[in-house]
Amino acid sequence: MTLDGDTGCITLPEIGAVISSSLSRSQFLQTPAFGAASVSVCNEPWCSYRLPTIPQADTDLYIVVQFRGERLLSLSLAHDAARFGSSWADWSEERELALKAFHERWITHDLRAHLGGYSWGYISSQYDAKGGSSSINISYAD
């Protein structure tokens with residue numbers, strides 16, 4: 001996966017797809033590379049789609065694409081690896097915070113991006129204490 005910091009365009013060579021801020025829901029649904037995506041949550045006009053898992057060097061990457069009507073709003077990304085826990089039975093806040101730190105290193109070192117605002121949107125790394133999960137959020141400006 002690559003991210004163009006100037007445009008917010010994300011290239012996913014692993015599945016042969018590109019996500020840009022101008023990607024509409026109709027375009028997404030008509031793109032063969034996204035054909036294996038499954039509906040995550042749909043409460044119209046909000047609808048999110050989970051892409052197939054993308055293997056990385058030592059983790060798997062999960063991506064959920066969120067639309068409001070036709071407009072792409074955001075992406076939620078999370079890595080999964082045994083060292084961060086494999087079930088609720090071995091979940092711990094320490095492991096989840098380690099995942100958050102991993103996400104932040106991945107953004108800066110692998111994607112060569114920074115957390116914070118851009119002309120096209122915003123990148124954040126979050127730990128949700130109530131949900132017990134860590135994720136990266138890439139949101140696109142209006």
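With respect to the salt-bridge test (charged N to carboxylate O, under 4.0 angstrom), the residues Asp110 and Arg105 do not qualify. Contact check on Arg25 versus Glu44 returns a salt bridge, with a Lys/Arg side-chain nitrogen under 4.0 Å from an Asp/Glu carboxylate oxygen.
Residues Ala81 and Thr59 approach most closely at CB-CG2, 3.7 Å, considering heavy atoms. Asp60 and Pro55 make their closest contact through OD1-CA, 3.6 Å (heavy atoms, listed as atom of the first residue, atom of the second, distance). Shortest non-hydrogen contact noted between Gly5 and Trp120 is O-NE1, 2.7 Å.
Taking the side-chain hydrogen bond (donor to acceptor under 3.5 Å, both in side chains) definition, one finds that Glu93 meets it with Tyr127, sequence neighbours left out. The ring-ring contact (aromatic ring centres under 6.0 Å, His included) search around Phe102 returns His79, Phe84, not counting sequence neighbours. A search for side-chain hydrogen bond (donor to acceptor under 3.5 Å, both in side chains) contacts involving Ser125 returns Glu104, not counting sequence neighbours. Every residue two or more places apart in sequence or in another chain was checked for a side-chain hydrogen bond (donor to acceptor under 3.5 Å, both in side chains) with Gln56, and none qualifies. Partners of Tyr122 by side chain to side chain contact (heavy atoms under 4.5 Å, CB included), not counting sequence neighbours, listed by chain and number: Ser124, Ser139.
Counting only heavy atoms from C-beta outward, the side chains of Ile123 and His114 never approach each other to under 4.5 Å. Residues Ile54 and Tyr62 form no side-chain contact, since every pair of their non-hydrogen atoms from C-beta on lies 4.5 Å or further apart. Contact of the Leu99 side chain with the Glu96 side chain is registered, since non-hydrogen atoms from C-beta on lie closer than 4.5 Å. Contact annotation: the side chain of Arg112 never approaches that of Leu3 to less than 4.5 Å [non-hydrogen atoms, C-beta and beyond]. Using a 4.5 Å heavy-atom threshold, the side chains of Ile19 and Phe28 count as separate. Two residues are said to be in side-chain contact when any heavy atoms from C-beta on lie closer than 4.5 Å; Leu29 and Phe67 fail this criterion. Within the 4.5 Å cutoff, the side chain of Val18 has heavy atoms near those of the Cys9 side chain. Counting heavy atoms from C-beta outward, Ile10 and Thr2 have side chains that stay 4.5 Å or more apart.
In this structure, NE2 on His103 lies 7.0 Å from OG on Ser135, to the nearest 0.5 angstrom. Rounding to the nearest 0.5 Å gives a distance of 13.0 Å between SG of Cys47 and CZ of Arg68. Taken to the nearest 0.5 Å, the CZ atom of Arg83 stands 10.0 Å off from the CG atom of Asp80.
For Gln126 and Ser134, the side-chain atoms include no donor-acceptor pair closer than 3.5 Å. Side-chain atoms of Ser20 and Ser22 form a donor-acceptor pair, as typed in the model, at a separation below 3.5 Å.
No option in Leu73, Val65, Ile107, Leu77 other than Leu77 meets the side chain to side chain contact (heavy atoms under 4.5 Å, CB included) test with Ile138.
Taking the six-membered ring for Trp and thresholds of 30 and 60 degrees, Trp91 and Trp88 have ring planes inclined between 30 and 60 degrees apart.
Under the 3.5 Å distance criterion, the side-chain polar atoms of Asn43 are left unmatched by any main-chain donor or acceptor of Trp46. Ser92 places a side-chain N or O within donor-acceptor distance of the main-chain N or O of Arg95, the cut-off being under 3.5 Å. Between the side chain of Gln27 and the backbone N or O of Ser24 there is at least one donor-acceptor pair closer than 3.5 Å. Looking only at distances, a side-chain donor or acceptor of Ser87 sits under 3.5 Å from a matching main-chain atom of Ala89. The backbone N or O of Ala82 sits nowhere less than 3.5 Å from a side-chain atom of Ser86 that would complete a donor-acceptor pair.
Following chains of ILVMFWY side-chain contacts shorter than 4.5 Å, one can reach Tyr140 starting from Leu115, so the two form part of one hydrophobic cluster. Leu12 and Val64 fall into different hydrophobic clusters, where Ile, Leu, Val, Met, Phe, Trp and Tyr side chains are chained together by heavy-atom contacts under 4.5 Å.
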Go through the steps for Arg50 and Val39 under the test side-chain contact (heavy atoms from CB on, under 4.5 Å), then give the verdict. CA-CA 6 Å; Arg50 184 175 175 164; Val39 173; over 6 Å; no
Might you work through the side-chain contact (heavy atoms from CB on, under 4.5 Å) test for Ser76 and Gln66, ending with a clear yes or no? CA-CA 8 Å; Ser76 179; Gln66 174 76 49; over 6 Å; no
Begin from the C-alpha positions of Trp106 and Leu61 and carry the test side-chain contact (heavy atoms from CB on, under 4.5 Å) through to its verdict. CA-CA 11 Å; Trp106 184 72; Leu61 178 63; 4.1 Å; yes
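Contacts classified as side chain to side chain donor-acceptor pair (under 3.5 Å) and involving residues 4-19 (residues at least two apart or in different chains) are not found.
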